[in-house]
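Here's the structure, in structure tokens; my notes come after.
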Number of protein chains: 2
Amino acid sequence: MTTSIKDVARAAGVSPATVSRALGKGPVSEALRAQVLEAVRATGYRPNLAARRLRSQESGTIGLVLADIGNPFFTGVARAVEAAAYEAGLRVLLCNTDEDPAREAAYLALMQEERVAGLILAPTRATAEGLAEAPPAMPVVLIDRPGPPGLFDSVLLDNAGASAALVDYLVAQGYRRIAGLFGQTSGTGVERAEGYRAAMARHGLAPALRFVLPQVEAAEAGFAALCQQGRPEAMITSNSLLLMGLLRAARGAGLRIPADLALAGFDNEPWTGLVEPGITVIEQPLEAIGRQAMALLLERLRTPSAPVRKVMLSGRAILRGSTASAPPRPQSSTKTPPPSSFTL
Amino acid sequence: MTTSIKDVARAAGVSPATVSRALGKGPVSEALRAQVLEAVRATGYRPNLAARRLRSQESGTIGLVLADIGNPFFTGVARAVEAAAYEAGLRVLLCNTDEDPAREAAYLALMQEERVAGLILAPTRATAEGLAEAPPAMPVVLIDRPGPPGLFDSVLLDNAGASAALVDYLVAQGYRRIAGLFGQTSGTGVERAEGYRAAMARHGLAPALRFVLPQVEAAEAGFAALCQQGRPEAMITSNSLLLMGLLRAARGAGLRIPADLALAGFDNEPWTGLVEPGITVIEQPLEAIGRQAMALLLERLRTPSAPVRKVMLSGRAILRGSTASAPPRPQSSTKTPPPSSFTL
DNA sequence: AAGCCGACTGAGAACGATTTCATTCATGCC
DNA sequence: GGCATGAATGAAATCGTTCTCAGTCGGCTT
């Protein structure tokens, strides 16, 4: 039996309504407010959020549904979202779907039942497509992955632009036979593959790409497949797990990087700078993505009828030794250049 | 205006009570149940969890309060806890305190207000100490970090044993001047430091240790401090962030590993196996920790008066090149041995 | 001085579900 | 055939809070 507002009221010698006002914002005389606060302390009263939410019809909570909590990209975004939500006086309900559309659907239903004020969502491709037909009952902001065009606010990386920039850079470094390995569960993988394809075409080069599950093992298999018809000079990939798989596979095959194979990918995870040589990656602005998503959601809550907005953020290319020298040109500069970066 | 159970009742031509029973477990004729389900589908009804919780006085939720969601150790444990909770029909409310006692206190209060059934908690030292005087109103299981002895169920790594094993191994490898760098915010760091100190004493070696904040930068500073009076031959550390900082600092100082400095630490993160040479670490059984914690909590909920239990799990030492050869003995085996492991 | 206004307070309804209690109805038993 | 039994259903209370409404009281205007 927990203590309720009535117990506090009795202890303070006032009505429950006064207790509620003293703790909330209603007008209460200073004397009574002090009495109430004292009674709260004495009884150890904690308001019941379920009752509060039921009565006031607002949860003070937003949902954050992510595909993979183990991925530093998402934990970084989650941090930023939580910080921004906290500043706005909102709580965050965090859910992890592990890229499973079924769990995703279950969590979306749960969010509905929790009556969250809004949702920030990184959908799998399957869910993203279904979103058009059965839109959730609350405002939704998509992050990281595209949804049905024009229906939801979203904040995305310029994925096509980023992978095109990687291709451009590799070409400028002298690489020609550039293969691509992309994740198949997310729209992000598709967009990055498109950027890769377009850039290769622009340079008059033949694309060689493959879609796989975003797992280390799948990447090792993908590596073998991409090497089937002659080994590429360079590989780019859309995902840090795949990048890790490629690195493992390349090392397993006894390849030197970048002499035998150049590597580049997405997400500036700690290990990409710690291995030798460092891996060239596109760094995503995690903090900005999270805060921007929260900002969009807050404005949508304020003015539900505002036009749908799509915010595109640029990544930053972090150039490291894995893309240093090109094999065809007989430059013997095996020395890896100092790490540098440019904004896309 | 969302649809409530009354709307469904009206649509199905029954009473709200019958709808509740049809969706829950009460006795309802098959005919009516079908009617109700059809009405639910037609109206798009989703039960209001706030109302349900208020009435039934149970949240069906447990709290999981972690120190650092960016740390793969905690995300791994969180995954396991969530999976186990899901199997038990419970939801998980995940909170990230970032090692900040103030936020920790705020979240504990929140858990109280959410009326969670129980709590799994990785407390900072500050909170762990306060726990004895002001225990939460619900069952608590501590993980990863010790609390006031004998008060709470807990599942911990054998921290002292693990770091003693690291020292023993380093000594066996021929190292003598072994320094230690430990995190100061968690009880874990303290326990691991104790194990280090005891093992050093057992070998008749002089300890050299330092406590710092669990941050990469702090570790780099700590490295300098430990090198103040002559560089050690080996360093061990209690935390993967600190490990990363030590590696950075050692590289920055131009030291070869392990020839100039051997390194070992905790948590088998991907990068520890990807850098050259690989880093020797103690791997913690994340899955087992999470599931064991959940199991303890469930049993505690079932029988609140059962005696307090403390489960100690052992880690697994993963031996890599960073602790390969010892400098004093003139063995010139620079070749790193193949990675192996042993259970503590 | 009467009336009015504003600030404060309490009584009670309401939020949406579950659950107790009472009612109905069919069935089985003697 | 009458009565007890039990299952299925509905009416209404209830969970703990907020919020509307009405009422009190002191001070201020005319």
Got a sec, which residues hit side chain to side chain donor-acceptor pair (under 3.5 Å) with B:Y107, two or more places apart in sequence or on another chain?
-> A:E82
Measure the distance from CG on B:L54 to C1' on C:dA14 and round it to the nearest whole Å.
-> 12 Å
Length of the line joining B:E113:CD and D:dT17:C1', which is rounded to integer Å | 13 Å
In whole angstroms, the gap separating P of D:dC19 from CZ of A:R53 amounts to 15 Å
Between B:T18 and D:dG10, is there a side-chain N or O to OP1/OP2 distance below 4.0 Å?
-> yes
Tabulate atom names and distances for all N/O pairs under 3.5 angstrom spanning the protein and nucleotides 17-24 of chain C.
| from | atom 1 | to | atom 2 | distance (Å) |
| --- | --- | --- | --- | --- |
| C:dA17 | OP1 | B:Y45 | OH | 2.8 |
| C:dA17 | OP1 | B:N48 | N | 3.1 |
| C:dA17 | OP2 | B:I5 | N | 2.2 |
| C:dA17 | O5' | B:Y45 | OH | 3.2 |
| C:dT18 | OP1 | B:R52 | NE | 3.3 |
| C:dT18 | OP2 | B:S20 | OG | 2.5 |
| C:dT18 | O2 | B:R55 | NE | 3.3 |
| C:dT18 | O2 | B:R55 | NH1 | 2.9 |
| C:dT19 | O4' | B:R55 | NH2 | 3.1 |

Taking side chain as C-beta onward, heavy atoms only, is B:T97 less than 4.5 Å from B:V65?
-> yes
Would you mind checking if A:R103 and A:D98 are paired as a salt bridge, meaning a charged N to carboxylate O distance below 4.0 Å?
-> yes
Please determine if a side-chain N or O atom of A:Q57 lies less than 4.0 Å away from the OP1 or OP2 oxygen of D:dT17.
-> no
Write down the distance between CG (B:L32) and C1' (D:dG10), rounded to a whole number of angstrom.
-> 11 Å
Euclidean distance, atom CD of residue B:Q112 to atom P of D:dG16 [Å, nearest integer] = 15 Å
If you measure from CG on B:L66 to CZ on B:F73, what distance do you get to the nearest 0.5 Å?
-> 9.0 Å
Pair B:T124, B:E99: side-chain N/O donor-acceptor within cut-off below 3.5 Å = no
CD on B:Q112 to CG on A:N48, rounded to 0.5 Å = 11.5 Å
